[in-house]
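Since the structure is predicted, the reported quantities are computational estimates derived from the model, not experimental observations.
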Amino acid sequence: MGDSFHEQLLEDSSFLRADRRLETDLVDKIILQLNRIYPQILSDKEATKFRNLDVPTSVRVGELLTHLQGKGDEACREFYRALHLHVEEVYYSLPTRLRLRDSLDPLTIPRVQQQRHVLNDRGPVFFLGCFSVAVGMALLYYYSETKVTGGSRALGMASLGLKRKAQEVLIWYTEEGLMK
């Protein structure tokens, strides 16, 4: 970030004046933040002037940017902070942000590659179908007669590595299934 915030704001000011995403309420939020948190940057009288609704928003933004450029680098930095806080999509589409993002040297700063992992792109109907099949098979297994004879022996063998109470329950279930 070799440029100062003042130089960046000079470059971004034409974009900000023309951007229609900066609506009246968003500009007011930025002005109020600069006024309330940093009264040395924007006094009450100046904030009232920039919040005048009789003046079109693009003109108010232009006057605010000119005023902040006259205040210095600190005021420009706080404007960028407020813009980032309240209108993030405009902040990331500023020409200086785009240039900064595109000019990153891959040897000095590793780029983070965002990959989209799609586990299943078949949609919710496919998931519900597979889930229904699995539930159906579980219900068939639970209510079928083969479970009582074949499955019980497996439960008896599984009880070998368990604690005494769990082992007794599984062995009792196995013996009960064989008696039927």
Side-chain angles (χ1 to χ4, degrees), residues 1-139 142:
M1 224 171 167
D3 295 346
S4 69
F5 288 103
H6 183 269
E7 293 169 357
Q8 290 180 19
L9 194 57
L10 280 172
E11 186 177 336
D12 290 335
S13 60
S14 61
F15 174 81
L16 288 168
R17 286 182 181 116
D19 197 347
R20 296 288 174 207
R21 291 178 287 183
L22 280 176
E23 299 170 353
T24 302
D25 57 334
L26 296 174
V27 172
D28 285 345
K29 285 181 184 180
I30 293 170
I31 291 170
L32 285 175
Q33 179 175 351
L34 290 173
N35 176 289
R36 290 183 181 154
I37 298 176
Y38 307 103
Q40 68 275 14
I41 293 175
L42 204 61
S43 67
D44 290 335
K45 183 180 175 184
E46 294 166 338
T48 306
K49 174 184 152 189
F50 295 127
R51 292 187 70 212
N52 184 2
L53 295 178
D54 294 334
V55 180
T57 305
S58 60
V59 174
R60 291 190 305 143
V61 169
E63 290 175 356
L64 175 66
L65 295 176
T66 305
H67 175 75
L68 293 175
Q69 289 168 0
K71 288 281 187 167
D73 201 47
E74 181 70 20
C76 297
R77 184 172 67 83
E78 296 308 329
F79 172 77
Y80 276 115
R81 185 177 291 167
L83 187 68
H84 183 245
L85 180 69
H86 295 292
V87 199
E88 206 169 284
E89 67 272 358
V90 172
Y91 177 78
Y92 284 117
S93 61
L94 290 171
T96 55
R97 298 290 157 216
L98 294 175
R99 186 185 70 222
L100 181 67
R101 186 187 66 198
D102 294 340
S103 70
L104 290 177
D105 188 9
L107 298 177
T108 58
I109 301 173
R111 284 193 176 200
V112 177
Q113 297 291 332
Q114 293 181 349
Q115 296 178 354
R116 185 171 175 234
H117 299 285
V118 177
L119 298 177
N120 185 356
D121 58 353
R122 292 188 177 101
V125 175
F126 180 77
F127 169 75
L128 288 175
C130 291
F131 186 71
S132 299
V133 168
V135 168
M137 291 177 66
L139 287 173
Y142 183 74

Of all pairs that satisfy salt bridge (charged side-chain N to carboxylate O under 4.0 Å, His left out), the ones with a partner from residues 73-82, not counting sequence neighbours: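 Sorted pair list: Glu74-Arg77, Glu78-Arg81.
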Practice problem: Any pair with a residue in residues 59-69 that passes salt bridge (charged side-chain N to carboxylate O under 4.0 Å, His left out), sequence neighbours left out, goes on the list, sorted by first then second residue, please. | Solution: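 The answer is Asp28-Arg60.
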With rounding to the nearest 0.5 angstrom, report the [atom1] to [atom2] distance, [X] to [Y].
{"X": "Phe79", "Y": "Ile41", "atom1": "CZ", "atom2": "CD1", "answer": "11.5 Å"}
{"X": "Asn35", "Y": "Ile30", "atom1": "CG", "atom2": "CD1", "answer": "13.5 Å"}
{"X": "His86", "Y": "Gln33", "atom1": "NE2", "atom2": "CD", "answer": "4.0 Å"}
{"X": "Arg36", "Y": "Ile31", "atom1": "CZ", "atom2": "CD1", "answer": "12.0 Å"}
{"X": "Phe15", "Y": "Leu22", "atom1": "CZ", "atom2": "CG", "answer": "8.5 Å"}
{"X": "Lys29", "Y": "Thr24", "atom1": "NZ", "atom2": "OG1", "answer": "12.5 Å"}

Holding to side-chain hydrogen bond (donor to acceptor under 3.5 Å, both in side chains), I want the full list of residues that pass it with [X], two or more places apart in sequence or in another chain.
{"X": "Ser58", "result": "none"}
{"X": "Arg51", "result": "none"}
{"X": "Arg20", "result": "none"}
{"X": "His6", "result": "none"}

Under 3.5 Å, is there a donor-acceptor pair between the side chain of Tyr80 and the main chain of Leu9?
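A pair under 3.5 Å: yes.
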Please list, chain by chain and in numerical order, all residues satisfying side-chain contact (heavy atoms from CB on, under 4.5 Å) with [X], sequence neighbours excluded.
{"X": "Pro39", "result": "none"}
{"X": "Tyr92", "result": "His84, Glu88"}
{"X": "Leu128", "result": "none"}
{"X": "Val133", "result": "Met137"}

Mind listing the closest non-hydrogen atom pair of [X] and [Y] along with its distance?
{"X": "Cys76", "Y": "Gln69", "answer": "SG-CA, 4.1 Å"}
{"X": "Ser93", "Y": "Leu98", "answer": "O-CD1, 3.6 Å"}
{"X": "Lys71", "Y": "Gln40", "answer": "NZ-O, 3.6 Å"}
{"X": "Asp12", "Y": "Thr96", "answer": "OD2-OG1, 2.6 Å"}

Worksheet item: What residues form a ring-ring contact (aromatic ring centres under 6.0 Å, His included) with His67, not counting sequence neighbours?
Response: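 Scan of His67 (ring-ring contact (aromatic ring centres under 6.0 Å, His included), adjacent residues dropped) gives Phe50.
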- request: Evaluate the side-chain proximity of Leu26 to Val90: yes if any heavy-atom separation is below 4.5 Å, no if none is.
  value: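 With C-beta onward as the side chain, the pair stays apart.
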Legend entry - pair Asp19-Val87: side-chain heavy atoms closer than 4.5 Å: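 Asp19 vs Val87: side chains apart.
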### Message
Evaluate Leu42 against Leu64 for side-chain contact (heavy atoms from CB on, under 4.5 Å), listing each step before the verdict.
### Response
CA-CA 9 Å; Leu42 204 61; Leu64 175 66; 4.2 Å; yes
* Which pairs count as ring-ring contact (aromatic ring centres under 6.0 Å, His included) when at least one residue sits in residues 28-49, sequence neighbours excluded? ->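 Every candidate ring-ring contact (aromatic ring centres under 6.0 Å, His included) pair involving residues 28-49 fails, so no pair, neighbours aside, qualifies.
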